[in-house]
Amino acid sequence: MPKLSEANPYKLKVLGIAGSPRREGNTDHLLHQVIAGASSQGAKTKTVILSELNISPCRHCDGCIKTGKCVIDDDMQWLHTDLRETDRIVLASPVFFMGVTAQTKAMIDRCQALWVIKYVLKLPVAINPGGERKGIFVSVGGTRLHNLFQPAIATVKSWFIALDINYDGEVVFSGIDEKDAILMHPTALKDAFVAGQELVAGNMPK
Ligand SMILES: Cc1cc2nc3c(=O)[nH]c(=O)nc-3n(C[C@H](O)[C@H](O)[C@H](O)COP(=O)(O)O)c2cc1C
């Protein structure tokens with residue numbers, strides 16, 4: 001007779017966030033692979049598509065400042081909970097004017113309420129049972145500028161700090177512009193799958 005813990009092993013939760021407004025575009029393809037890699041290691045995965053959600057920009061109304069709860073009643077209310085409960089985050093956004101997409105930035109800015117929980121209320125942001133939280137950034141850009149991903153990476157790192165998530169690296173490809181261009185890349189999809197495996201491998205709680 002297996003022990004309960006053996007019969008029901010904890011599955012690391014991985015949250016994928018699709019930040020491109022172009023459905024089934026290049027970052028979507030990469031995100032699918034990362035999530036498939038994580039799933040192949042036994043993780044429990046969920047993907048949210050920001051362009052299909054109702055997420056208003058932060059108003060800086062300070063309505064969250066005493067409670068850590070955002071006053072805007074939209075999809076960010078449940079996404080806050082997902083962001084706090086997950087063990088891993090995979091944020092996928094193409095480079096738009098050297099940053100992340102508007103959909104992604106709106107979601108990030110709305111995490112000001114979680115920033116309040118951490119820095120004003122001094123309460124735990126992470127309410128996941130799996131211990132250390134980690135995340136990676138997945139991106140592409142049409143150009144091949146040498147610093148193409150640096151501004152977006154700085155934004156993602158700043159967001160991860162507020163959410164108590166350790167930045168675990170990026171999966172990024174420059175010179176990828178046309179829809180499906182990433183499918184022609186010799187290693188990108190495999191690289192993304194392996195990144196998903198590595199994000200969870202060896203980290204399943206006992
Ligand atoms: C509004 C907009 C802004 C963009 N800005 C940049 C940019 O600053 N640098 C760059 O290399 N590519 C830029 N691109 C190109 C996209 O990053 C590229 O087409 C990418 O493959 C889109 O990814 P997706 O298929 O996941 O949406 C921009 C595209 C759009 C529509």
Side-chain angles (χ1 to χ4, degrees), residues 14-40 45-58 75-76 79 82-83 86 88-112 115 133-163 165-200:
V14 178
L15 179 64
I17 302 175
S20 174
R22 183 157 71 172
R23 296 302 329 280
E24 298 303 320
N26 296 308
T27 48
D28 273 8
H29 289 307
L30 291 171
L31 180 59
H32 289 322
Q33 291 301 315
V34 175
I35 293 299
S39 183
S40 76
T45 66
K46 173 176 178 177
T47 298
V48 295
I49 298 155
L50 295 181
S51 63
E52 293 183 351
L53 301 182
N54 176 23
I55 298 177
S56 299
C58 175
D75 287 320
M76 212 53 216
L79 192 50
D82 281 3
L83 290 167
T86 195
R88 301 285 183 270
I89 288 186
V90 183
L91 178 66
S93 167
V95 172
F96 274 17
F97 286 97
M98 293 304 286
V100 293
T101 63
Q103 290 82 357
T104 305
K105 192 59 166 56
M107 183 275 298
I108 287 175
D109 289 353
R110 287 288 299 289
C111 288
Q112 180 70 356
W115 182 95
R133 304 206 316 152
K134 291 194 231 173
I136 62 172
F137 179 49
V138 172
S139 190
V140 302
T143 68
R144 294 186 185 276
L145 289 177
H146 76 279
N147 64 343
L148 180 58
F149 300 102
Q150 293 314 310
I153 287 172
T155 299
V156 175
K157 284 184 174 175
S158 156
W159 178 54
F160 278 3
I161 289 169
L163 267 63
I165 292 168
N166 292 326
Y167 187 81
D168 209 37
E170 60 271 342
V171 180
V172 296
F173 299 93
S174 59
I176 302 292
D177 205 6
E178 297 302 318
K179 196 172 185 196
D180 291 341
I182 200 71
L183 301 179
M184 311 302 152
H185 190 283
T187 64
L189 298 183
K190 178 84 172 115
D191 293 349
F193 186 88
V194 171
Q197 287 181 310
E198 288 177 350
L199 190 60
V200 299

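Numbering starts at 1 and runs along the sequence shown.
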(message) Evaluate Thr86 against Arg133 for side-chain contact (heavy atoms from CB on, under 4.5 Å), listing each step before the verdict.
(response) CA-CA 8 Å; Thr86 195; Arg133 304 206 316 152; 4.0 Å; yes

(request) Taking the side chain as every heavy atom from C-beta outward, state whether Val100 and Trp159 have any atom pair closer than 4.5 Å. (result) no

(message) Checking the side chain of Ser139 only, and the main-chain atoms of Ser93 only, is there a donor and an acceptor separated by less than 3.5 Å?
(response) yes

(message) Could you report the tightest heavy-atom contact between Ile89 and Leu199, atom names first, then the distance?
(response) O-CD2, 4.4 Å

(message) A side-chain contact here means heavy atoms from C-beta on lying under 4.5 Å apart; do Met98 and Asn147 qualify?
(response) yes

(request) Measure the CD1-CD distance between Ile108 and Gln103 for me, rounded to the nearest 0.5 Å. (result) 12.0 Å

(message) Rounded to the nearest 0.5 Å, what separates atom CD in Glu24 from atom NE2 in His29?
(response) 6.0 Å

(message) Is it the case that the side chain of Asn26 and the backbone of Asp180 share a donor-acceptor pair, with hydrogens and angles ignored and the cut-off at 3.5 Å?
(response) yes

(request) Measure from the side-chain N and O atoms of Ser40 to the backbone N and O of Gly37, and report whether any donor-acceptor pair falls under 3.5 Å. (result) yes

(request) Write down the atom of Ile136, the atom of Ala195, and the distance for their closest heavy-atom approach. (result) CD1-CB, 4.3 Å

(request) Examine distances only and state if a side-chain atom of Asn166 and a backbone atom of Lys134 form a donor-acceptor pair shorter than 3.5 Å. (result) no

(request) Quick one: list whatever passes side-chain hydrogen bond (donor to acceptor under 3.5 Å, both in side chains) with Thr101, sequence neighbours left out. (result) Thr104

(message) For the NZ atom on Lys190, are there more than 12 heavy atoms of other groups (residues, nucleotides or ligands in this structure) within a distance under 6.0 Å?
(response) no

(message) Do Leu91 and Met107 have side chains that approach each other closer than 4.5 Å (heavy atoms only, starting at C-beta)?
(response) yes

(request) Can you measure from OG1 (Thr47) to NE2 (His32) and round to the nearest 0.5 angstrom? (result) 7.5 Å

(request) Evaluate the criterion side-chain contact (heavy atoms from CB on, under 4.5 Å) for residue pair His185 and Phe173; output intermediate values, then yes/no. (result) CA-CA 9 Å; His185 190 283; Phe173 299 93; 3.6 Å; yes

(message) Are the side chains of Lys105 and Pro57 in contact, using a 4.5 Å heavy-atom criterion?
(response) no

(message) To check you understand the geometry: which heavy-atom pair defines the closest contact between Ala38 and Val200, and what is its length?
(response) O-CG2, 3.8 Å

(message) To check you understand the geometry: which heavy-atom pair defines the closest contact between Ala162 and Trp115, and what is its length?
(response) CB-CD1, 4.2 Å

(message) Could you report the tightest heavy-atom contact between Arg22 and Asp28, atom names first, then the distance?
(response) O-OD2, 3.8 Å

(message) Set out, in order, the CA-CA distance, both residues' side-chain angles and the distance that settles side-chain contact (heavy atoms from CB on, under 4.5 Å) for Val171 and Val90, then state yes or no.
(response) CA-CA 10 Å; Val171 180; Val90 183; over 6 Å; no

(message) Go through it in stages, so that I can follow the logic: the residues are Val156 and Phe160, the test is side-chain contact (heavy atoms from CB on, under 4.5 Å), and I'd like the CA-CA distance, side-chain angles, deciding distance and then a yes or no.
(response) CA-CA 6 Å; Val156 175; Phe160 278 3; 3.8 Å; yes

(request) Supply the atom-to-atom distance Ile17 CD1 to Leu53 CG, rounded to the nearest 0.5 angstrom. (result) 10.0 Å

(message) Please find the pair of heavy atoms, one from Arg23 and one from Ile49, that lie closest to each other, and give the distance.
(response) NH2-CD1, 3.5 Å

